[in-house]
Amino acid sequence: MVVVANRIRVAAGHEQDFEERFRNRKGLIEKNPGFIRNLILRPVDSEYYSVMTFWESMEHFEAWTKSESFRQAHSGPRPPKEMFSGPNVLEIHEVIMDTDAKTS
């Protein structure tokens, strides 16, 4: 499994608009082969939101980025530049361990 994390610095005062963009998203990612989960994390002690997608494999994630549904999901009006207080940081991680309450 791979986790793709996009850390996004949202400027003060734009948090609600940023979150609303995700609430109103087109929901196309869920239909892609290999997709597992999508998390949007609101920061508690920083400006960085985390947008995390979980995939069965790197190949599944790469196929999503090359798909027509990816282009559709990312089409539409771009958010205003002032919504962000710095560049985003994209990180991709391979899961080497996954523990939850059921397996511990």
Side-chain angles (χ1 to χ4, degrees):
M1 177 179 3
V2 295
V3 179
V4 180
N6 193 0
R7 294 188 309 128
I8 303 169
R9 285 180 73 182
V10 175
H14 290 276
E15 298 90 351
Q16 292 303 318
D17 291 336
F18 179 78
E19 292 178 19
E20 196 63 26
R21 290 180 66 81
F22 283 97
R23 285 188 194 96
N24 295 327
R25 66 189 182 80
K26 297 175 183 174
L28 298 171
I29 195 170
E30 291 91 336
K31 299 172 184 153
N32 281 268
F35 172 80
I36 298 170
R37 185 178 191 182
N38 184 21
L39 292 174
I40 312 299
L41 305 176
R42 179 187 298 137
V44 174
D45 292 331
S46 76
E47 296 177 310
Y48 284 98
Y49 277 77
S50 288
V51 177
M52 303 174 75
T53 56
F54 295 70
W55 298 90
E56 289 179 14
S57 70
M58 188 65 182
E59 293 76 21
H60 284 108
F61 168 67
E62 289 173 343
W64 155 246
T65 65
K66 297 171 184 169
S67 71
E68 178 59 29
S69 59
F70 178 88
R71 284 186 284 285
Q72 289 176 12
H74 293 87
S75 66
R78 306 286 281 164
K81 287 186 230 178
E82 55 273 0
M83 182 179 283
F84 308 103
S85 58
N88 67 310
V89 178
L90 185 69
E91 299 174 327
I92 300 174
H93 300 275
E94 184 176 351
V95 176
I96 60 169
M97 189 171 96
D98 183 4
T99 304
D100 62 23
K102 296 175 199 153
T103 60
S104 54

Undergrad: List in chain and number order the residues that pass side-chain contact (heavy atoms from CB on, under 4.5 Å) with N38, two or more places apart in sequence or in another chain; answer none if no residue qualifies.
TA: R25, F35, I40, V51, T53

Undergrad: What residues, two or more places apart in sequence or in another chain, satisfy side chain to side chain donor-acceptor pair (under 3.5 Å) together with D17?
TA: none

Undergrad: State which residues pass salt bridge (Lys or Arg N to Asp or Glu O under 4.0 Å) with E20; sequence neighbours excluded, sorted by chain then number.
TA: R23

Undergrad: Side-chain heavy atoms nearer than 4.5 Å, only ILVMFWY residues, links allowed to pass through others: does that put I8 and V89 together?
TA: no

Undergrad: So, using side chain to side chain donor-acceptor pair (under 3.5 Å) as the criterion, who are the partners of Y48 when residues are at least two apart?
TA: none

Undergrad: Where do P79 and R21 come nearest, in terms of heavy atoms and distance?
TA: CD-NH2, 3.3 Å

Undergrad: What do the steps show when you test Y49 against R7 for side-chain contact (heavy atoms from CB on, under 4.5 Å), and what is the final call?
TA: CA-CA 6 Å; Y49 277 77; R7 294 188 309 128; over 6 Å; no

Undergrad: With R37, which residues qualify under salt bridge (Lys or Arg N to Asp or Glu O under 4.0 Å), at least two apart?
TA: none

Undergrad: Would you check if W55 and I29 make a side-chain contact, meaning some heavy-atom pair closer than 4.5 Å?
TA: yes

Undergrad: Taking ILVMFWY side chains as joined if any heavy atoms are under 4.5 angstrom apart, and letting links pass through other members, which residues group with I36?
TA: M1, V3, L39, L41, M52, F54, V95

Undergrad: S46: what forms a side chain to side chain donor-acceptor pair (under 3.5 Å) with it, not counting sequence neighbours?
TA: none

Undergrad: Can you list every ring-ring contact (aromatic ring centres under 6.0 Å, His included) pair that touches residues 67-94, not counting sequence neighbours?
TA: W64-F70, F70-H74

Undergrad: Quick one: side-chain contact (heavy atoms from CB on, under 4.5 Å) partners of A11, sequence neighbours excluded?
TA: H14, S85

Undergrad: Scan for salt bridge (Lys or Arg N to Asp or Glu O under 4.0 Å) pairs involving residues 71-89, sequence neighbours excluded, and state none if there are none.
TA: E68-R71

Undergrad: Write out all pairs satisfying salt bridge (Lys or Arg N to Asp or Glu O under 4.0 Å) with one or both partners inside residues 45-60, taking only residues at least two apart or from two chains.
TA: R9-E47

Undergrad: Once you round to the nearest 0.5 Å, how far does OG of S69 lie from CD of E30?
TA: 10.0 Å

Undergrad: Please round to the nearest 0.5 Å and tell me the distance separating atom CD of E19 and atom CD of E15.
TA: 7.5 Å

